[in-house]
Amino acid sequence: MPIDLAIDFGTSKTVLLCSNKILLEQPTVATVDSETWEPVAFGEKARNMIGRLPEHLESVFPIQRGMIADYDIAEQMLTEYFSTSLGKRLIKPRIIIAMPSGATSIQRRSLENAAEIAGGRRVQVIDSGVAAALGMGIDFSKPGGKMIVDIGAGVTDIATLSAGGIVQCDSAPIGSNDFDEAIIKYVRKEFNVLIGSLTAEEIKKQIGSVVPRGVEVVIKAKGRNLFSGLPQLFEITSSDVYAAMKDTAMAIFSAINGVIERTPPDIVADIMCDKVYVTGGGALINGMGELLEENLNTEIYIRSDAEYSVVKGANAALKYPELIKNIDYQLKNIQDLIVDD
Ligand code: ADP
Ligand code: MG
């Protein structure tokens with residue numbers, strides 16, 4: 001039987017969905033031989049090796065800031081992920097794959113090619129903003145503004161939608177991984193300790209916040225002392241992490257504000273009366289809703305399954321290929337596509 005596959009090929013995570021079932025969820029990272037660039041591991045296995053590799057191996061992130069940065073590795077990764085999740089099939093799966101709205105037609109074609117060579121057929125690309133809206137159950141078929149913000153690992157995709165189409169959008173090159181970078185920098189400067197990216201991400205998830213926390217939290221983390229070169233255990237507080245993260249949070253807010261400024265005032269008024277829908281892994285950072293609510297002066301809606309909105313929406317759109325053929329969308333039957341559970 002032919003099957004349909006929806007893919008979110010994100011900067012940090014790849015998700016494959018088939019008939020509302022998650023078939024695969026793996027980090028978008030590979031370990032490759034530094035000389036030949038041949039992959040030796042993909043996904044979780046490769047992620048566990050980040051920062052712990054011998055000289056002849058390297059970690060490669062084929063998607064950077066939402067776009068293909070290493071075409072060969074991206075294609076080989078999709079091939080691997082298709083075969084582990086689908087096995088050998090006579091009929092290739094039909095594929096829909098999400099991409100930041102700021103992608104050029106060349107970047108779109110490159111992604112379509114990679115998915116086709118990896119074993120897909122009739123590959124289609126959908127804007128992540130539109131996919132996220134569908135996945136969050138937002139009806140934007142009628143005139144009346146809706147606003148979607150997808151805070152991914154490397155890109156924040158922002159879109160205002162009305163009457164079945166995108167009014168304004170931006171794929172701002174700032175995302176949740178930038179918080180990790182900011183934490184690394186802060187720890188180096190304040191503690192003279194170098195930490196790895198996985199440690200920084202763990203600190204962010206455990207005690208990170210983009211608003212000051214009411215109760216101070218402290219955790220222990222490990223790194224390497226910059227002067228002695230020796231391993232060092234140090235304590236870091238939630239105030240430290242907030243200080244490290246706040247500028248990146250404001251940069252995300254500014255990008256959102258930029259899209260609002262370019263959106264016609266009547267649509268902005270509709271958005272203000274409704275909500276701003278925030279999704280992606282970055283939406284799960286402590287205080288993100290609060291910070292945006294305060295600065296945008298609007299209600300913020302975050303779903304607990306924020307990381308899956310895009311792939312769910314892409315999957316819904318797959319049922320209506322004729323509706324997403326046109327880049328301008330004009331989705332006439334958006335109500336039929338909306339995922340609401
Ligand atoms: P992408 O689609 O770009 O791959 P995702 O939307 O999957 O990104 O989000 C991944 C990002 O979200 C990572 O930077 C990750 O550290 C962050 N993230 C995921 N869960 C949480 C959480 N509970 N708290 C804070 N950050 C999180
Ligand atoms: Mg994403």
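Just so you know, these numbers come straight off a predicted model, no measurement behind them. For the numbers below, each heavy atom of this structure counts, side chains included, while hydrogens, waters and symmetry mates do not.
- Side-chain N/O atoms of T279 and D150 include no donor and acceptor closer than 3.5 Å.
- For the pair N297 (side chain) and E293 (backbone), a donor-acceptor distance under 3.5 Å is absent.
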Note to self: Is there a side-chain contact (heavy atoms from CB on, under 4.5 Å) between N295 and M250? Walk through the geometry before answering.
What the structure shows: CA-CA 9 Å; N295 286 285; M250 286 317 284; 4.0 Å; yes

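- Note that the CD1 atom of I50 and the CD atom of E58 stand 12.5 Å from one another [nearest 0.5 Å].
- S34 places a side-chain N or O within donor-acceptor distance of the main-chain N or O of H56, the cut-off being under 3.5 Å.
- Follow the hydrophobic side-chain contacts under 4.5 Å out from I300 and you never reach L161; the two are in separate clusters.
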Notebook entry, point to check: Stepwise, does the side-chain contact (heavy atoms from CB on, under 4.5 Å) test hold for S239 with E216?
Noted result: CA-CA 7 Å; S239 308; E216 181 93 308; 2.4 Å; yes

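- Here D180 does not pair with K185 in a salt bridge; the nearest charged N to carboxylate O distance is not below 4.0 Å.
- Other residues, nucleotides and ligands contribute over 12 non-hydrogen atoms within 6.0 Å of the CZ atom of R262.
- The closest donor-acceptor contact from the side chain of D170 to the backbone of G258 lies at 3.5 Å or more, if one exists at all.
- Counting only N and O atoms by type, the side chains of S176 and K204 include a donor and acceptor under 3.5 Å apart.
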Check: Would Y277 and M147 satisfy side-chain contact (heavy atoms from CB on, under 4.5 Å), going step by step from the backbone distance to the final call?
Finding: CA-CA 6 Å; Y277 300 84; M147 181 166 209; 5.8 Å; no

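- Side chain of S228 to main chain of L230: a donor-acceptor pair is present (N/O by atom type, distance under 3.5 Å, no hydrogens or angles).
- Between F191 and F234, the ring-plane angle classifies as tilted under the 30° and 60° cut-offs.
- Checking side-chain atoms of R65 against main-chain N and O of A153 turns up no donor-acceptor pair under 3.5 Å.
- R121 has no carboxylate O lying under 4.0 Å from a charged side-chain N of E116, or vice versa, which leaves the two without a salt bridge.
- For the residue pair N20/N315, the side-chain donor-acceptor check at 3.5 Å is satisfied.
- Ion pairing of D305 with K312 is present here, as a side-chain N (NZ or NE/NH1/NH2) and a carboxylate O approach within less than 4.0 Å.
- Looking only at atom types and distance, the side chain of T237 has a donor-acceptor partner in the side chain of D240 under 3.5 Å away.
- R224 places no side-chain N or O within 3.5 Å of a backbone atom of G229 that could act as its donor or acceptor partner.
- Formation of a donor-acceptor pair under 3.5 Å by the S85 side chain with backbone atoms of L24 is not found in this model.
- The closest side-chain donor-acceptor pair between Q107 and S110, if any, does not fall under 3.5 angstrom.
- With hydrogens and angles disregarded, a donor-acceptor distance shorter than 3.5 Å links the side chain of T263 to the backbone of V259.
- In E190, the CD atom is crowded: over 12 heavy atoms of neighbouring residues, nucleotides or ligands sit closer than 6.0 Å.
- For the 3.5 Å distance criterion, the side chains of T28 and T14 qualify, holding a donor opposite an acceptor.
- Not one N or O on the side chain of D127 forms a donor-acceptor pair closer than 3.5 Å with the backbone of V130.
- Salt bridge absent: K13 and D8 never bring a charged side-chain N and a carboxylate O closer than 4.0 Å.
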Note to self: One pair to check against side-chain contact (heavy atoms from CB on, under 4.5 Å): R52 and L198. What are the steps and the verdict?
What the structure shows: CA-CA 11 Å; R52 300 186 169 98; L198 294 185; 4.2 Å; yes

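- Counting heavy atoms of neighbouring residues, nucleotides and ligands inside a 6.0 Å radius, atom CG of L233 exceeds 12 of them.
- With respect to R47 and E201, a salt bridge is recorded, a charged nitrogen being found less than 4.0 Å from a carboxylate O.
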